[in-house]
Amino acid sequence: MSLQFRTAVTAIGPDVADLLEGGVLILFADGAPPELAEVSVTHRVVEGPSDEPPAPGATIRVGSVEARLTGIGPLAWGKVRDIGHVVINFNGAETPERPGEITASEVDAATLAGALQPGAEITIGG
């Protein structure tokens with residue numbers, strides 16, 4: 001598996017749990033404006049992101065939770081590269097609803113919430 005992105009969670013906003021119940025995870029690099037940090041998992045990039053976006057079928061791992069990417073919006077990877085921001089929707093859709101969104105296979109929301117701890121790694125690759 002070729003790793004395309006690896007980042008470490010630095011903080012979990014107070015409203016993240018509500019979004020996770022709907023299968024939505026928002027990542028924003030450290031330094032996000034406070035109103036965005038409230039709904040985001042802030043992170044510090046460890047490796048990448050690669051020049052090329054991952055393809056559907058690539059693995060996304062959030063701590064111990066693993067899923068497969070099912071769709072990549074046309075603007076999503078550019079936003080990851082430019083500002084460390086992306087919306088990941090764990091709904092299994094092949095076509096993201098928004099151009100800046102990545103979709104992935106469904107996961108259990110409670111398990112995903114439990115995996116999101118400061119220091120946990122999020123990786124995309126394969």
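Computation of the quantities below employed the complete heavy-atom set of this structure, encompassing side-chain atoms and omitting hydrogens, waters and symmetry-equivalent molecules. Everything numeric in this text was worked out from a predicted model, so none of it was measured.
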Testing the basics here: between [X] and [Y], what is the closest heavy-atom pair and its distance to 0.1 Å?
X	Y	answer
Thr70	Ser105	CG2-N, 3.8 Å
Glu21	Ala109	CA-CB, 4.0 Å
Ala37	Thr42	CB-CG2, 4.3 Å
Glu66	Val107	O-CG1, 4.1 Å
Ala76	Glu101	CB-O, 3.7 Å
Gly73	Pro96	N-CG, 3.5 Å

| said: Are the side chains of Glu47 and Leu3 in contact, using a 4.5 Å heavy-atom criterion? | reply: yes
Short question: side chain of [X], backbone of [Y] - any donor-acceptor pair under 3.5 Å?
X	Y	result
Thr103	Gly71	yes
Arg6	Gly48	no
His85	Leu27	yes

| Strictly by modelled atom types, are Arg68 and Thr59 linked by a side-chain donor-acceptor pair under 3.5 Å? | yes
| query | Counting heavy atoms not belonging to Glu94, are there more than 12 under 6.0 Å from its CD? | reply | no
To the closest 0.5 Å, what do you measure between [atom1] ([X]) and [atom2] ([Y])?
X	Y	atom1	atom2	result
Thr111	Leu20	OG1	CG	11.0 Å
Glu52	Arg81	CD	CZ	9.0 Å
Ile12	Glu38	CD1	CD	14.5 Å
Phe5	Ile60	CZ	CD1	9.0 Å
Ile83	Leu36	CD1	CG	8.5 Å
Ile72	Thr95	CD1	OG1	11.5 Å

Consider only side-chain heavy atoms of I, L, V, M, F, W and Y, link residues closer than 4.5 Å, and tell whether [X] and [Y] are in one cluster.
X	Y	answer
Leu25	Val65	yes
Val45	Leu116	yes
Val24	Val9	no
Leu112	Val41	yes
Phe90	Val16	yes

| field | Matching residue for Trp77 among Asp51, Val86, Ile124 - test: side-chain contact (heavy atoms from CB on, under 4.5 Å) | value | Ile124
